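Each remark here refers to the structure printed beneath this line.
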Amino acid sequence: MSAFSDRLPAFPWDKLEPYKATAAAHPDGIVDLSVGTPVDPVPELIQKALTAAADSPGYPTVWGTPELRDAITGWCARRLGARGLTHRNVLPIVGSKELVAWLPTQLGLGPGDKVAYPRLAYPTYEVGARLARAEHVAYDDPTDVDPTNLRLLWLNSPSNPTGRVLSKDELIRVVTWARAHGVLLVSDECYLELGWEAEPTSVLHPDVCGGSHEGIVAVHSLSKRSNLAGYRAAFLAGDAEVLGDLLLIRKHGGMMTSAPTQAAAVAALGDDTHVQEQRARYAARRTALREALLGHGFRIEHSEASLYLWATRDESCWDTVDRLASLGILVAPGDFYGEAGRNFVRVAMTATDERVAAAVSRLR
């Protein structure tokens with residue numbers, strides 16, 4: 001019998017190690033703009049909430065505390081414009097990556113079923129399909145996918161890696177198509193709070209979903225907006241029937257967010273000030289890096305939202321990675337996100353102000 005891991009592609013980040021070593025040898029040290037991991041402090045009010053809940057000897061619940069469910073529904077109403085969400089319409093998850101990787105399996109998908117995702121996309125969408133032994137299909141336009149046996153359709157707006165934002169009209173068109181064909185639509189909206197040149201819209205907005213959550217689920221994360229990547233705090237919102245089934249499955253699997261993390265998430269979702277402060281940090285870094293890359297001969301496409309600049313010199317992404325590594329700057333090759341990214345690199349804004357300034361200086 002073949003190993004379970006045989007279903008998976010090679011882990012892409014391992015290919016970057018030689019370039020990381022080159023960048024690390026720079027006399028002034030590496031500027032790592034490859035993995036989009038937060039570097040700024042966890043806001044104090046969130047740390048205090050975590051600490052206050054540290055004495056949590058009992059098991060947490062998979063569904064989360066009533067306070068957490070209140071915080072999620074309140075945030076969705078306030079920030080997304082979602083209407084009519086109850087506790088049955090929300091579900092905490094242990095970070096968004098585990099959900100993406102295991103959702104097809106938890107939905108009961110398998111051989112003969114199809115999972116579709118954008119042609120340029122976070123690699124874990126494909127991984128999730130492979131783990132379930134389902135067919136995986138990459139699309140340019142989701143409505144061009146053959147709906148036969150299509151059980152799960154992923155949207156990602158704002159996009160990782162490109163930063164592209166789907167317009168409200170595009171979202172309406174895809175939601176309408178998915179419902180007409182009985183396809184579950186799951187929208188990864190983890191970067192929704194980080195719109196720069198466009199204002200991202202959720203599939204839960206009544207203008208998009210028509211006030212009904214049937215057949216749609218949105219995925220949100222606190223990792224980027226609140227610097228909580230180390231906490232593993234995220235949630236789903238949408239179709240109550242779908243989330244009810246997932247809740248039961250996740251109860252059996254023990255997929256529960258820790259009690260202190262749940263308390264921290266309540267604090268994070270209830271406060272908008274720290275989000276605006278973090279946005280301002282990223283906006284300044286984005287401006288500096290964007291200008292430096294353009295001055296160095298790059299062209300930037302999309303990138304109207306998210307934590308990345310999608311940049312190209314119209315050459316192989318690995319030639320660009322090598323060129324920047326020689327300057328002590330590490331970026332992600334675009335082909336990590338699909339063959340369509342072979343001439344692009346993804347440049348993350350998740351570095352300290354000092355390291356971003358170093359990158360800008362080297363590019364100049």
Side-chain angles (χ1 to χ4, degrees), residues 9-40 97 118-124 156 158-164 190-191 194 196-197 223-224 229 281-364:
F11 189 64
W13 293 96
D14 291 342
K15 295 171 62 178
L16 205 56
E17 286 301 316
Y19 302 93
K20 186 175 184 178
T22 297
H26 190 279
D28 187 37
I30 189 173
V31 179
D32 193 341
L33 306 178
S34 60
V35 180
T37 187
V39 298
D40 298 303
K97 184 170 185 176
R119 191 167 302 283
L120 278 168
Y122 185 47
T124 313
N156 181 208
S159 163
N160 174 15
T162 68
R164 181 188 174 200
C190 289
Y191 296 92
L194 297 166
W196 310 114
E197 297 167 12
S223 293
K224 306 302 193 279
R281 294 186 190 104
Y282 284 137
R285 292 166 187 166
R286 178 181 185 274
T287 297
L289 285 170
R290 187 176 188 279
E291 291 178 356
L293 288 166
L294 291 173
H296 196 74
F298 281 88
R299 185 177 78 255
I300 295 173
E301 292 191 1
H302 297 301
S303 306
E304 57 258 33
S306 83
L307 284 179
Y308 313 106
L309 294 168
W310 188 238
T312 182
R313 290 174 58 96
D314 295 309
E315 63 186 5
S316 163
C317 60
W318 289 101
D319 289 343
T320 306
V321 168
D322 184 56
R323 177 194 300 271
L324 292 176
S326 71
L327 298 176
I329 301 169
L330 188 68
V331 298
D335 66 3
F336 278 11
Y337 308 94
E339 179 60 23
R342 62 188 177 276
N343 291 333
F344 286 79
V345 293
R346 193 194 74 169
V347 184
M349 297 176 249
T350 50
T352 65
D353 292 343
E354 184 274 332
R355 287 290 82 187
V356 168
V360 169
S361 176
R362 296 173 197 182
L363 289 167
R364 287 176 178 166

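All of these numbers come straight from a predicted model, not from anything done at the bench. The first residue of the sequence shown is numbered 1, and numbering continues consecutively from there.
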[X]: which residues meet the ring pair (Phe, Tyr, Trp, His ring centres under 6.0 Å) condition with it, sequence neighbours left out?
| X | value |
| --- | --- |
| Y282 | none |
| Y122 | Y125 |
| Y308 | Y191 |

Exercise for the section: Kindly indicate, with the supporting measurements, whether the criterion salt bridge (charged side-chain N to carboxylate O under 4.0 Å, His left out) is fulfilled by K20 and D14. Expected result: CA-CA 10 Å; K20 186 175 184 178; D14 291 342; over 6 Å; no
Looking at every heavy atom in both [X] and [Y], which two are closest together, and how far apart are they?
| X | Y | answer |
| --- | --- | --- |
| V356 | A288 | CG1-CB, 4.3 Å |
| E339 | R342 | OE2-CD, 2.9 Å |
| R290 | I300 | CG-CD1, 3.5 Å |
| V39 | A351 | CG2-C, 3.6 Å |
| G338 | L120 | O-CD2, 4.2 Å |
| C317 | G334 | CB-N, 3.7 Å |

Quick one: are [X] and [Y] in side-chain contact, heavy atoms under 4.5 Å?
| X | Y | answer |
| --- | --- | --- |
| R346 | F336 | no |
| K15 | V321 | no |
| W318 | L16 | yes |
| L33 | L324 | no |
| F298 | R313 | yes |
| K224 | T350 | no |

Handout entry: Verdict with supporting geometry, N160 and Y337, side-chain contact (heavy atoms from CB on, under 4.5 Å)
Key = CA-CA 8 Å; N160 174 15; Y337 308 94; 4.1 Å; yes
Handout entry: Short side-chain to backbone donor-acceptor contact, R355 and I30, under 3.5 Å
Key = yes
Handout entry: Backbone of A283 reached by a side-chain donor or acceptor of T287 within 3.5 Å
Key =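 Confirmed, T287 side chain pairs with A283 backbone.
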Nearest 0.5 Å, what's the [atom1]-[atom2] distance between [X] and [Y]?
| X | Y | atom1 | atom2 | value |
| --- | --- | --- | --- | --- |
| L307 | M349 | CG | CE | 5.5 Å |
| L294 | L289 | CG | CG | 10.5 Å |
| D314 | D319 | CG | CG | 12.0 Å |
| H26 | S326 | NE2 | OG | 8.5 Å |
| R285 | D353 | CZ | CG | 4.5 Å |
| D322 | T22 | CG | OG1 | 7.0 Å |

Problem - Check: T162/E301 side-chain N/O donor and acceptor closer than 3.5 Å - result: no
Exercise for the section: Kindly determine whether V345 and R323 satisfy side-chain contact (heavy atoms from CB on, under 4.5 Å), including the steps that lead there. Expected result: CA-CA 11 Å; V345 293; R323 177 194 300 271; over 6 Å; no
Handout entry: Parallel, tilted or perpendicular: rings of F344 and W310 (30°, 60°)
Key = parallel
